[in-house]
Amino acid sequence: MGRSAAAPATSLHDVTPEQALAHPTWSMGPVITTNSATLVNKGLEVIEAHLLFGLPMDRIDVVVHPQSVVHSMVEFVDGSTLAQCSPPDMRLPIALALGWPDRLEGAASGVDWTTASTWEFLPLDDEAFPAVAMARHAGTTGRTLPAVMNAANEECVEAFLDGRLRFTAILDTVQQVMDEHAPPSGDLTLEGVLEAERWARERTRAILTG
Ligand SMILES: NC(=O)C1=CN([C@@H]2O[C@H](COP(=O)(O)OP(=O)(O)OC[C@H]3O[C@@H](n4cnc5c(N)ncnc54)[C@H](OP(=O)(O)O)[C@@H]3O)[C@@H](O)[C@H]2O)C=CC1
Ligand SMILES: CC(=O)[C@@H](O)[C@H](O)COP(=O)(O)O
């Protein structure tokens, strides 16, 4: 998780696009990098875990780990934990996906266990970074709300990177759009989700242009 995750709330208002795009451990595209800085990326990953593994939201935790070596952990009923670790390098998950069920030799370097290092784990500051709580709400509510959250966020990230929106206003605006959204009744359809997506983008743009 990014460096900004440990920053005090009072400094977030002035975060610039340049600062948000300077992820300390991962080299990624501008949208996901900004989402890492706001923790929207972590929120989306919580929704992914909820849906992919069929886990209730209250059994998925987020911890801040500035070194990005542990990518996920699973705690078993007996209290033991398995962690998936590697230096931050997307070649590893990409190789795993391409080679599955085999592991491709030399896809990436492993952790250097001969060098002393420190791994930190910190609790998430939900007040300074509301994105994970918002995503939990969107994922629990389900229906069109996750699509609305994602679309509003993408519009806000674009505005932030263009210098039209403050860093902290990204999530304030996303929250406003989520609050205003009235999910359609009846069976959920692809057209219903796409319509909610369109509505969220238009509503966000209208808010941003005042
Ligand atoms: N990079 C990483 O380590 C990780 C990335 N991901 C996910 O992988 C995806 C890509 O990330 P990343 O490569 O870093 O992002 P980039 O911004 O570098 O690349 C995104 C690519 O998607 C293209 N694109 C965007 N919208 C459309 C569209 N509507 N139709 C066609 N192409 C489109 C862009 O085209 P153009 O350049 O023309 O705008 C660009 O080439 C994201 O969803 C991200 O969340 C997830 C985990 C890790
Ligand atoms: C590489 C990857 O999967 C990203 O999602 C990465 O985790 C982003 O960094 P953060 O964990 O800081 O959001």
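Bear in mind the structure is a predicted one, so any value in this text is a computation, not a measurement. Every number for a ligand or one of its atoms is a count from 1 in the order of the listing.
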Ligand 2 atoms in contact with M28 (distance to a heavy atom under 4.0 Å): 4 (C), 8 (C)
Numbered atoms and elements of ligand 2 in range of K42, under 4.0 angstrom, heavy atoms: 7 (O), 10 (P), 11 (O), 13 (O)
Atoms of ligand 2 close to M90 [distance to a heavy atom under 4.0 angstrom, numbered from 1]: 1 (C)
Test: R201 and E197 ion pair at under 4.0 Å: yes
Test side chain to side chain donor-acceptor pair (under 3.5 Å) applied to D102 - qualifying residues, sequence neighbours left out: none
Proximity of H71 to ligand 2 by residue part, where a heavy atom lies under 4.0 Å: neither
Heavy-atom side-chain proximity of V74 to T81 below 4.5 angstrom: no
Under 4.0 Å from ligand 1 - residues by heavy atom, chain and number: M28, G29, P30, I32, M90
Under 3.5 Å: donor-acceptor pair, side chain of R205, backbone of E155: no
Ring pair (Phe, Tyr, Trp, His ring centres under 6.0 Å) contacts in which one or both residues fall within residues 170-210, not counting sequence neighbours: H181-W199
Reported CD-to-CG distance for the pair Q19 and D14, which is rounded to 0.5 angstrom: 8.5 Å
Under the side chain to side chain donor-acceptor pair (under 3.5 Å) test, residues paired with Q175 that sit two or more places apart: D179
Backbone of V69 reached by a side-chain donor or acceptor of H65 within 3.5 Å: yes
